[in-house]
Amino acid sequence: MAEFASWSGKRFQAVAPDGTRSDVGLVAARQAVRIHRRPGAPERALPVVGDAHVVEFSPAMSLAVDGRTPWGLAEPLGRLRPATTSVRLTEADVDPAGEALGRGVLLPALGRALIIVVRDAARHRWMSDAVARLLRDRPDAVVVEMGVPADGATGAADLVTHGATKVAGIAAAEAVTGSLMAAEPLRGSG
């Protein structure tokens, strides 16, 4: 198995557009990112300038996905912007009246850019309702969809990754900040 891991680590290396060596998955994730700006939204919605507060709405995982599989924006964005704060909410955390959204999302986001991260929001009404409530109070928020994208822009800017992998989170963090993350050592390279 170690021999296969070494071979595959060397086989699937690629060069990123900026010339740095990178993992082919990260190169593909960067190319998959799409950004849509809402008409009339502030011109400077992206890249985010200053500190950010990230709220990640986490749906229940299917049996095909291990619940410990890393995904999201908070961790890679925190590596690029250490002052980033975050909260991850599930359906059980979101009350119908929206009080938890005020305490858990809007208050910590005062004076910060608000970045709302969803995963397959079109498939989860609780999630799309929560996002709509947040956008009523913070129309300047950036929405990052890390699953199957829905039609129509919702935030000041919408960023779609077309996947919820670790490298999709890194690519999203790079797009949100306008800066590339330092390449990590490649697996299988000496």
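When a residue number appears, it is its place in the shown sequence, counting from 1.
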Please tell me if the side chains of Glu75 and Pro70 come closer than 4.5 Å, counting only heavy atoms from C-beta onward. no
Shortest non-hydrogen contact between Asp51 and Ala83, atoms and distance: OD1-CB, 3.3 Å
Please check if the side chain of Asp158 supplies one atom and the backbone of His36 the other of a donor-acceptor pair under 3.5 Å. no
Atom pair CD1 (Ile170) and CE (Met181), whose distance is rounded to the nearest 0.5 Å: 5.5 Å
Using the rule side-chain contact (heavy atoms from CB on, under 4.5 Å), only one of Leu135, Val142, Val105 pairs with Ile116; which is it? Leu135
Contact check, side chains of Val54 and Val117, non-hydrogen atoms, under 4.5 Å: yes
Taking atom OG1 of Thr177 and atom CG of Leu46, what is their separation to the nearest 0.5 Å? 9.5 Å
Would you say Arg123 has more than 12 foreign heavy atoms packed within less than 6.0 Å of its CZ? no
Locate the shortest heavy-atom distance separating Thr161 from Ala32; write the atom from each residue and the value. O-CB, 3.8 Å
Quick one, Lys166 with Trp71, criterion side chain to side chain contact (heavy atoms under 4.5 Å, CB included). Give me CA distance, side-chain angles, the key distance, then yes/no. CA-CA 5 Å; Lys166 183 176 180 177; Trp71 76 277; over 6 Å; no
Could you tell me which non-hydrogen atom of Gly147 sits nearest to which non-hydrogen atom of Asp120, and how far apart they are? CA-OD1, 3.1 Å
Do Val55 and Leu77 land in one hydrophobic cluster if side-chain heavy atoms of ILVMFWY residues count as linked below 4.5 Å? no
Quick one: closest heavy-atom pair of Leu73 and Pro76, and the distance? O-CD, 3.3 Å
Would you find a donor on one side and an acceptor on the other, under 3.5 Å apart, between the side chain of Arg81 and the backbone of Gly50? yes
What are the two closest non-hydrogen atoms of Pro47 and Gly178, and how far apart are they? CB-N, 3.8 Å
Arg30 side chain vs Val167 backbone, donor-acceptor pair below 3.5 Å: no
Within-4.5 Å side-chain heavy-atom neighbours: His162 and Pro149: yes
Verdict with reasoning, Ile115 to His53, per side chain to side chain contact (heavy atoms under 4.5 Å, CB included): CA-CA 6 Å; Ile115 303 172; His53 181 68; over 6 Å; no
Do Met127 and Val94 share a hydrophobic cluster (ILVMFWY, side-chain heavy atoms under 4.5 Å, transitive)? yes
So, the side chain of Arg138 versus the backbone of Gly155: is there a donor-acceptor pair under 3.5 Å, distance only? no
Does some side-chain heavy atom of Val143 sit less than 4.5 Å from a side-chain heavy atom of Leu159? no
In terms of hydrophobic clustering (I, L, V, M, F, W, Y; side-chain heavy atoms under 4.5 Å; direct or indirect links), are Trp126 and Leu106 co-clustered? yes
Distance col, row Glu145:CD vs Arg34:CZ, nearest 0.5 angstrom, shows 15.0 Å
From CA spacing to verdict: side chain to side chain contact (heavy atoms under 4.5 Å, CB included), Val118, Met146: CA-CA 6 Å; Val118 295; Met146 296 193 73; over 6 Å; no
Do the side chains of Asp129 and His124 get nearer than 4.5 Å, heavy atoms only? no
Measure the OG1-CG distance between Thr90 and Asp93 for me, rounded to the nearest 0.5 Å. 3.5 Å
Before you tell me yes or no, could you show the steps for Leu89 and Leu101 under side chain to side chain contact (heavy atoms under 4.5 Å, CB included), namely the whole-Å CA-CA distance, both residues' side-chain angles and the distance that decides it to 0.1 Å? CA-CA 9 Å; Leu89 301 174; Leu101 294 176; 4.0 Å; yes
Taking all non-hydrogen atoms of both residues, which atom of Ala45 and which atom of Ala156 are closest, and how far apart? CB-CB, 3.9 Å
